[in-house]
Amino acid sequence: MHIVLIGDGSTERHSAEAIGAKAANLTRMAALGLPVPPAFVLPVKLCSAIIDNDAHAERHLRNGLKEGIAFLEQATGKRFGDRRQPLLVSVRSGAARSMPGMLDTVLDVGCTSDAVHGLIRTTGRPRLAWDCRRRFLESYTETVLGFDPAPFAARLAELTAGETADGLRELDSEALERLANDEQTLIEELDDGWLEDAVAQLDSAARAVYRSWTSDRAQTYRRLQNLDDLRGTAVTVQAMVFGNGGLTSGAGVAFSRDPSTGLARPMIDLVLDAQGEDVVSGRRTPDTEETIARSLPAIATELGDVLKRLEQEFGDVQDIEFTIEDGKLWILQTRSAKRTPRAALRIAIDLVHEKLITPREALQRIDGIDLGALTETELAASGDPLTTGIGASGGIAVGRAAFDSESAQRLAASGEPVILMRPDTSTADVAGFAVAAGIVTAIGARTAHAALVARQMGKPCIVGCSSMAIDVAADCARFAGTTITGGDWISIDGESGSIYQGQREIRVTRPDTELAEIDKWRAEDHGHGHHRKSKAAHSTT
């Protein structure tokens with residue numbers, strides 16, 4: 001078995017079937033000279049064998065990790081788990097087809113106590129070092145060991161209350177050191193040596209990523225998206241870059257075009273002083289492209305150039321994850337963006353006009369869309385909304401409120417349209433997404449994994465409704481002066497982000513101009529195909 005190295009100067013292309021789409025695209029970006037942190041990839045073919053505890057696969061895994069870490073140490077000048085120049089890594093999944101948020105990731109692997117002291121020494125930032133330690137403890141114990149995160153959340157709430165802080169971001173380095181040490185105390189009975197053993201952490205994290213292939217949410221997603229023929233996930237191990245080092249650092253997600261409407265403008269979300277999971281998990285409400293342009297103008301310009309280059313390279317709208325470390329931009333992944341059916345139509349036509357793809361390629365990309373059912377909807381007479389959040393996926397939905405996936409499935413089974421309303425956007429709710437007419441969350445981002453899934457499913461989605469409080473246990477959502485209980489009717493506008501009480505009338509129109517252009521391409525393609533077929537038939541007689 002051979003691992004694939006990324007950042008070794010190679011321009012060789014690798015198939016998504018062999019190393020996953022995420023890693024295959026990383027190799028292409030590195031070959032373009034884009035700023036990609038060095039990485040190595042364990043192939044897809046190891047996945048099922050590791051899950052089955054195959055002895056040969058176990059040896060390949062250990063040898064591959066050893067070889068890969070040696071490469072990363074040489075590429076970065078750092079040493080894994082070292083007390084002086086520590087290397088930390090992320091351990092990520094990647095199937096041949098994108099499965100956003102459905103498989104596991106473990107960040108800050110290698111963050112032993114020695115590595116914490118090394119980070120303080122090399123960066124001069126004890127807050128960053130202790131933040132990495134507590135992030136590693138939380139990520140590893142939940143993902144690898146299956147530890148309930150509730151005790152961590154309770155300790156954080158207790159600490160922030162004692163520090164009279166509004167949240168984690170307001171805690172100083174001394175408080176974060178106490179938090180990390182308290183978290184370590186909570187999990188010491190789970191320690192069989194991994195807490196201070198970077199190699200053991202890496203081995204277990206890689207196995208956990210492979211095992212996540214068989215998780216309930218991953219299997220549900222593959223069934224819903226007709227991806228049951230996929231063979232497994234690869235594991236990508238990448239040198240960490242740190243977005244959690246202050247206000248000239250951050251983590252974000254960017255789309256080269258609006259995946260909800262299809263408009264040819266970038267859509268960017270950034271959380272300053274954060275790591276990637278803070279954005280894509282939907283647990284933090286980020287800043288937008290306007291804030292980035294104002295506070296980090298050079299990064300905004302560079303990011304715009306990267307998005308244009310990637311559209312040219314891949315011939316499609318791109319969805320990238322990026323990190324800014326002390327004012328330097330790093331690109332962590334790119335993939336073709338999930339989009340609403342309405343956006344898919346507009347994007348296909350625009351890419352043809354821009355000569356990035358041919359009309360035939362455009363027809364292939366929209367082949368699975370029922371154009372006869374494609375409509376643009378708006379509320380006929382909406383009035384004042386209960387609240388307004390961030391429109392993450394366009395369209396109108398009217399249905400009965402449900403506050404967990406089980407309630408949504410129960411209401412939908414009775415024949416009622418459902419609006420799933422959740423505190424945040426968790427991919428664990430994918431079964432609820434599937435039956436819902438629309439999705440609403442109190443916090444989260446347009447670029448969170450769950451918002452991506454909503455767009456792919458063509459569901460209106462609103463996130464970041466900060467004035468709305470969801471109480472799942474009480475089966476209600478509270479707004480200023482109004483309470484919506486389970487089963488009440490609500491109407492949502494995924495374009496404007498507005499939420500209305502009751503059933504509202506929907507006005508429906510069709511994108512006739514764009515549909516006429518598609519009909520023209522189909523007629524021309526049919527004519528060309530008929531002409532070629534006739535010539536071929538003549539030549540063989």
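No experiment lies behind these values; they were computed from the predicted model shown.
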Has the side chain of [X] got a donor or acceptor atom that lies under 3.5 Å from a matching backbone atom of [Y]?
| X | Y | value |
| --- | --- | --- |
| R510 | G372 | yes |
| Q275 | G243 | no |
| T340 | G458 | no |
| K459 | A434 | yes |
| R97 | A16 | no |
| T377 | I396 | yes |
| T143 | S139 | yes |
| R339 | A337 | yes |
| Q238 | P37 | yes |
| E361 | T358 | yes |

Is there side-chain contact between [X] and [Y], with at least one heavy-atom pair below 4.5 Å?
| X | Y | value |
| --- | --- | --- |
| L272 | L296 | yes |
| R335 | P100 | yes |
| R522 | L371 | yes |
| D493 | E378 | no |
| F322 | I268 | yes |
| Y210 | V44 | no |

Salt bridge (Lys or Arg N to Asp or Glu O under 4.0 Å) involving [X] - partner list, sequence neighbours excluded:
| X | result |
| --- | --- |
| E313 | R13, R28 |
| R346 | E514 |
| D326 | R125 |
| R265 | D258 |

Would you name the heavy atoms of [X] and [Y] that are closest together and state the gap between them?
| X | Y | result |
| --- | --- | --- |
| A408 | L420 | CB-CD1, 4.1 Å |
| P259 | A343 | O-CB, 3.3 Å |
| L230 | A96 | CD2-CB, 4.0 Å |
| A95 | M99 | CB-SD, 4.2 Å |

Salt bridge or not between [X] and [Y]? Use side-chain N to carboxylate O under 4.0 Å.
| X | Y | result |
| --- | --- | --- |
| R422 | D429 | yes |
| R92 | D104 | no |
| R342 | E376 | yes |

**Item:** Positive for side-chain contact (heavy atoms from CB on, under 4.5 Å) with L65, one of V235, L42, V91
**Value:**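 When side-chain contact (heavy atoms from CB on, under 4.5 Å) is applied between L65 and each of V235, L42, V91, only L42 qualifies.
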**Message:** So, applying side-chain contact (heavy atoms from CB on, under 4.5 Å) with F71, which one of V237, D8, T76 is it?
**Reply:**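 In the set V237, D8, T76, the residue that makes a side-chain contact (heavy atoms from CB on, under 4.5 Å) with F71 is D8.
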Under a plain distance cut-off of 3.5 Å, with no hydrogens placed, do [Y] and [X] share a side-chain donor-acceptor pair?
| X | Y | result |
| --- | --- | --- |
| R217 | T220 | no |
| T441 | D424 | no |
| Q333 | D319 | no |
| Q318 | S256 | no |
| E517 | H353 | yes |

**Message:** With salt bridge (charged side-chain N to carboxylate O under 4.0 Å, His left out) as the rule and sequence neighbours excluded, what pairs involving residues 433-458 come up?
**Reply:**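 Counting only pairs at least two positions apart or across chains, the salt bridge (charged side-chain N to carboxylate O under 4.0 Å, His left out) contacts touching residues 433-458 are D269-R446, E289-R446.
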**Request:** Could you give me the CA-CA distance, side-chain angles and deciding distance for W489 and I419, then say whether side chain to side chain contact (heavy atoms under 4.5 Å, CB included) is met?
**Result:** CA-CA 9 Å; W489 286 95; I419 308 295; over 6 Å; no
**Request:** Please lay out, stage by stage, how E354 and R257 fare under the test salt bridge (charged side-chain N to carboxylate O under 4.0 Å, His left out).
**Result:** CA-CA 14 Å; E354 295 165 29; R257 302 180 192 227; 2.5 Å; yes
**Message:** What verdict does the side chain to side chain donor-acceptor pair (under 3.5 Å) test give for E325 and S249, after you've listed the backbone C-alpha separation in whole Å, the side-chain angles of each residue and the deciding distance to 0.1 Å?
**Reply:** CA-CA 5 Å; E325 181 182 61; S249 301; over 6 Å; no
**side-chain hydrogen bond (donor to acceptor under 3.5 Å, both in side chains) against R400, all qualifying residues, sequence neighbours excluded** =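 With sequence neighbours excluded, R400 shows a side-chain hydrogen bond (donor to acceptor under 3.5 Å, both in side chains) to E416, given in chain and number order.
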**Message:** Would R231 and W213 count as a cation-pi pair here, with the cationic atom under 6.0 angstrom from the ring centre and within 45° of the axis?
**Reply:**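 Judged by the rule, R231 and W213 form no cation-pi pair.
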**Message:** Let's go through V453 and K338 carefully: what are the C-alpha distance in whole Å and the side-chain angles of both, what is the deciding distance for side chain to side chain contact (heavy atoms under 4.5 Å, CB included) to 0.1 Å, and is it a yes or a no?
**Reply:** CA-CA 7 Å; V453 174; K338 308 297 184 188; over 6 Å; no
